[in-house]
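Just so it is clear, the structure is predicted and the values come from calculations on it, not from any experiment.
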Amino acid sequence: MATAASFRPEAARSPPAVQPPAPPLSKVVLRFPWFSSGVRVILSWFKVALCQLSVTADKARNIARAREAIEAAAAGGAKLVLLPEIWNGPYSNDSFPEYAEDIEAGGDAAPSFSMMSEVARTLQITLVGGSISERSGNKLYNTCCVFGSDGELKGKHRKIHLFDIDIPGKITFKESKTLTAGQDLTVVDTDVGRIGIGICYDIRFQELAMLYAARGAHLLCYPGAFNMTTGPLHWELLQRARAADNQKLIIHVANLVVSNSNRTFCYQLFVATCAPARDTSAGYIAWGHSTLVGPFGEVIATAEHEETTIMAEIDYSLIDQRRQFLPLQYQRRGDLYQLVDVQRSGSDE
């Protein structure tokens, strides 16, 4: 008969899960001298802004409006700002080639990219730049660029799972008619921690989130534009699931660190999504509802469907309860199943 000693939870991830770096955030250290063990609690937090933008056919207007929203968010104290999926032009197969930018060329060939880099540097923020259509050679990608507070490109995620669906009488869309699927997972180290990036349809695949967790992500960010059919049914559900189903040792962007003797534990992660505002006159009508979800699957902040920016504080003191109630990191059955990170397994790591 199997016993807890034979479950081998550490073997449930291959290669073994990595420890995330401590994010360099504001900290307050509380010491409790009456405990003989010398317990101390480190509380860390930062403000995040989700810019739910209205998108028109006017690319210059969309770029200017995005810049205004980013500047307003930074003025409000945000250290991390998110933009929506395909924010610089209409979401359609006809528009993807027209609005595509050559990110490697930069300059006039990539005005959206150039604006994001400049504003991140000027405001000294971390910017998850939603997504834009990227042209690379003869291929088009749905691409999210992540900029550091120095304005440098820290990571580029090309949408891995293309949005190809057919719900009779409701919606049919085939991104694969014009777009090419990305080939790489994207984990980026930033001033606000290690971030795993997905785009919209990527959120439906829990394996991606699990791999990001195993790679030490503190936070998952999904720019996305769910529609009026799947949005009401699945948008919030999937966000809460990705936050709740990725508890693991040394995961924290919601982070309570309790140091006791030589043992340190960090738990869980946050999920942030950012959508375009709804335009009922558009060919593709977005659901909206940009959201921040905490590590217990709780909705911390959410928008409705109009253009707005929501700001929230990611508070690291929320984790201890989750750890005590759901010690999943010790309960996985590595003797029965294993999640394999193919790319890490094939590397020298």
Flag if over 12 foreign heavy atoms under 6.0 Å of [atom1], [X]:
X: Glu104; atom1: CD; value: no
X: Gln183; atom1: CD; value: no
X: Asp108; atom1: CG; value: no

Heavy-atom pair with the smallest gap, counting every atom of [X] and [Y]:
X: Trp235; Y: Ala275; value: CZ2-CB, 4.3 Å
X: Ser92; Y: Phe173; value: CA-CZ, 4.1 Å
X: Leu53; Y: Ala69; value: CD2-CB, 3.7 Å
X: Asp164; Y: Glu175; value: OD1-N, 2.9 Å
X: Ala209; Y: Leu220; value: CB-CD1, 3.7 Å
X: Ile103; Y: Phe113; value: CG2-CE1, 3.5 Å

[X] side chain vs [Y] backbone, donor-acceptor pair below 3.5 Å:
X: Asp166; Y: Thr172; answer: no
X: Arg344; Y: Pro16; answer: yes
X: Ser136; Y: Asp102; answer: no
X: His289; Y: Ala303; answer: yes
X: Thr291; Y: Thr302; answer: no
X: Arg240; Y: Val299; answer: no
X: Asn227; Y: Ile285; answer: no
X: Tyr99; Y: Trp87; answer: no
X: Tyr212; Y: Thr186; answer: yes
X: Ser14; Y: Val340; answer: no

Decide yes or no for [X] and [Y]: does some side-chain heavy atom of the first lie under 4.5 Å from some side-chain heavy atom of the second?
X: Pro15; Y: Asp341; value: yes
X: Leu82; Y: Val48; value: yes
X: Asp150; Y: Arg121; value: no
X: Asp191; Y: Phe46; value: no
X: His157; Y: Ser131; value: no
X: Glu101; Y: Lys59; value: yes
X: Lys154; Y: Ser149; value: no
X: Tyr222; Y: Leu238; value: no

Would you please indicate if the ring centroids of Phe226 and Phe163 are separated by under 6.0 Å?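 No: the rings miss the under 6.0 Å criterion.
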In terms of side-chain geometry, is the basic nitrogen of Glu118 or Arg67 positioned less than 4.0 Å from the acidic oxygen of its partner? yes
Answer yes when Asp189 and Arg194 have at least one side-chain N-carboxylate O distance shorter than 4.0 Å, and no when they do not.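 Counted as a salt bridge, because a side-chain N and a carboxylate O are separated by less than 4.0 Å.
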Cluster overlap [X] with [Y], hydrophobic side-chain contacts below 4.5 Å:
X: Leu162; Y: Ile167; value: yes
X: Met116; Y: Leu153; value: yes
X: Val192; Y: Phe147; value: no
X: Tyr201; Y: Leu185; value: no
X: Ile195; Y: Leu50; value: yes

Compute whether any side-chain donor of one residue and acceptor of the other, for Asn93 and Thr178, lie under 3.5 angstrom apart.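 Checked: Asn93/Thr178 side chains pair up, N/O donor to acceptor below 3.5 Å.
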Within this structure, what is the [atom1]-[atom2] distance for the pair [X] and [Y], rounded to the nearest 0.5 Å?
X: Thr122; Y: Ile70; atom1: OG1; atom2: CD1; answer: 11.0 Å
X: Arg333; Y: Ser6; atom1: CZ; atom2: OG; answer: 6.0 Å
X: Leu339; Y: Arg13; atom1: CG; atom2: CZ; answer: 5.0 Å

Please say which of Lys139, Lys159, Lys156 ends up in a salt bridge (Lys or Arg N to Asp or Glu O under 4.0 Å) with Glu134.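 So, applying the salt bridge (Lys or Arg N to Asp or Glu O under 4.0 Å) to Glu134 and each of Lys139, Lys159, Lys156, only Lys156 qualifies.
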Exactly one of Arg278, Arg65, Gln52 should register a side-chain hydrogen bond (donor to acceptor under 3.5 Å, both in side chains) with Glu307. Which one does? Arg65
